[in-house]
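What follows is one structure encoded as structure tokens, with my remarks underneath.
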Amino acid sequence: IGLYVNTPDAIIDSNTFTANKGEAIFSVDRIATFTNNSGSGNNKDAISVYGGWNGFITVDNATTTIKANSLPYFLNGAVQVSASSTLIIEKGVVIKGAILSYPNLKSSLGVAGNLIVSGESPDDVIFTSETPVKGSWEGIVLHPGSFSSIKGATISYAEIGAQYQESPIYLENVKFEYNEFGVLADS
């Protein structure tokens, strides 16, 4: 692993990670701030995001922003946005659902709080899978009471691209492709 980080207070900016055995960056628990980082020749050229024992990647009662890097972000398991927090995903971010080695478990982004995706066109923010196979990651799950505004994004290769469970739906300029289901809304 090029960098192992386990604090939301870290700012990791403009670094290069090359030829490390594991991921370029492995982030555990609340996600740190990553900008302009790159890597090559690592076992996985990515920022691997693991939510820790409870799955949460956001800080309670705060806003967490995922910024663009040349490295994609890998969801390593079922990562969660806590009910009292907001996750903002900026233009230029690529998020991939990692293929897990546990049978019948898939990576996902669960939202109990707020999710703001701030793209303009469908190519601005990408949610996809580590492997381009339909249904290879679970997708975005919006739990009851959550809020989301997803603008300018593509969601692909998910079991369900965006699943709304008693939560308001706001989608603008979103492309759903190669999913088993694009959008599922339960009231």
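- Ion pair E120/K151 not flagged as a salt bridge, since none of the NZ, NE, NH1 or NH2 atoms sits closer than 4.0 Å to an Asp/Glu carboxylate oxygen.
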All N/O donor-acceptor pairs, side-chain side in residues 83-94, below 3.5 Å, sequence neighbours left out:
unit_1, atom_1, unit_2, atom_2, d
S84, OG, N61, N, 3.1
S85, OG, T58, OG1, 2.7
S85, OG, S82, N, 3.4
S85, OG, S82, O, 3.0
S85, OG, S82, OG, 2.9
T86, OG1, N114, ND2, 3.1
E90, OE2, K67, NZ, 3.4

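- Atom CZ of F17 is separated from atom CG of L71 by 8.0 Å, given to the nearest 0.5 angstrom.
- If you take CG on N43 and CG on N20, they are separated by 10.0 Å, rounding to the nearest 0.5 Å.
- Residue I155 holds its CD1 atom at 4.0 Å from CZ of F176, rounded to the nearest 0.5 Å.
- Between I150 atom CD1 and S118 atom OG the span is 11.5 Å, to the nearest 0.5 Å.
- Between V81 and L109 the shortest side-chain heavy-atom distance falls below 4.5 Å.
- Interatomic distance, CD1 of I47 versus CZ of F34, reported as 5.5 Å (0.5 Å rounding).
- V28 approaches F26 most closely through the heavy-atom pair CG2-CE2, 3.2 Å.
- For the side-chain contact (heavy atoms from CB on, under 4.5 Å) test, residues two or more places apart in sequence or in another chain that qualify with I169 are Y164, L171, A185.
- A heavy-atom distance below 4.5 Å is not found between the side chains of T16 and N37.
- Without hydrogens or angle criteria, S40 side chain to A19 main chain gives no donor-acceptor distance under 3.5 Å.
- Taking the side chain as every heavy atom from C-beta outward, S136 and I99 approach each other to under 4.5 Å.
- Listed here is the closest heavy atom pair of G139 and A158: CA-CB, 3.9 Å.
- Two residues are said to be in side-chain contact when any heavy atoms from C-beta on lie closer than 4.5 Å; Y73 and S27 fail this criterion.
- With hydrogens and angles disregarded, a donor-acceptor distance shorter than 3.5 Å links the side chain of S107 to the backbone of L75.
- Side-chain atoms of S121 and N173 include no donor-acceptor pair closer than 3.5 Å.
- Under a 3.5 Å cut-off, the side chain of N76 and the backbone N or O of V49 do not form any donor-acceptor pair.
- For the salt bridge (charged side-chain N to carboxylate O under 4.0 Å, His left out) test, no residue two or more places apart in sequence or in another chain qualifies with E138.
- Hydrophobic clustering keeps V111 apart from I126 (ILVMFWY residues linked when any side-chain heavy atoms are closer than 4.5 Å, directly or through intermediates).
- S148 approaches Y170 most closely through the heavy-atom pair O-CB, 3.6 Å.
- Hydrophobic clustering, with ILVMFWY side chains joined whenever heavy atoms are under 4.5 angstrom apart, groups I66 together with V174.
- Qualifying side chain to side chain donor-acceptor pair (under 3.5 Å) partners for S156, counting only residues two or more places apart in sequence or in other chains: T128.
- Cluster annotation: V117 and F74 are assigned to distinct hydrophobic clusters (Ile/Leu/Val/Met/Phe/Trp/Tyr, side-chain heavy-atom contacts under 4.5 Å, transitive).
- A donor-acceptor contact shorter than 3.5 Å links the side chain of S129 to the backbone of T131.
- Here the CD-OH distance, from E177 to Y157, works out to 6.5 Å after rounding to the nearest 0.5 Å.
- Contact between I31 and T64 at its shortest, heavy atoms only, is CG2-CG2, 3.3 Å.
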* Before giving the answer on side-chain contact (heavy atoms from CB on, under 4.5 Å), spell out for Q163 and D186 the whole-Å C-alpha distance, their side-chain angles and the decisive distance to 0.1 Å. => CA-CA 8 Å; Q163 181 176 352; D186 294 332; 4.2 Å; yes
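- Here the shortest heavy-atom pairing between S146 and P168 reads O-CD, 3.3 Å.
- Applying the ring-ring contact (aromatic ring centres under 6.0 Å, His included) definition to pairs two or more places apart or across chains, none involves residues 113-152.
- A salt bridge is defined here as a Lys NZ or Arg NE, NH1 or NH2 lying under 4.0 Å from an Asp or Glu carboxylate O, and E159 with K134 fails to meet this definition.
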Hey, can you pull the donor-acceptor pairs under 3.5 Å for the side chains in residues 1-13, sequence neighbours left out?
unit_1, atom_1, unit_2, atom_2, d
T7, OG1, D9, N, 3.2
D13, OD1, T35, OG1, 3.3

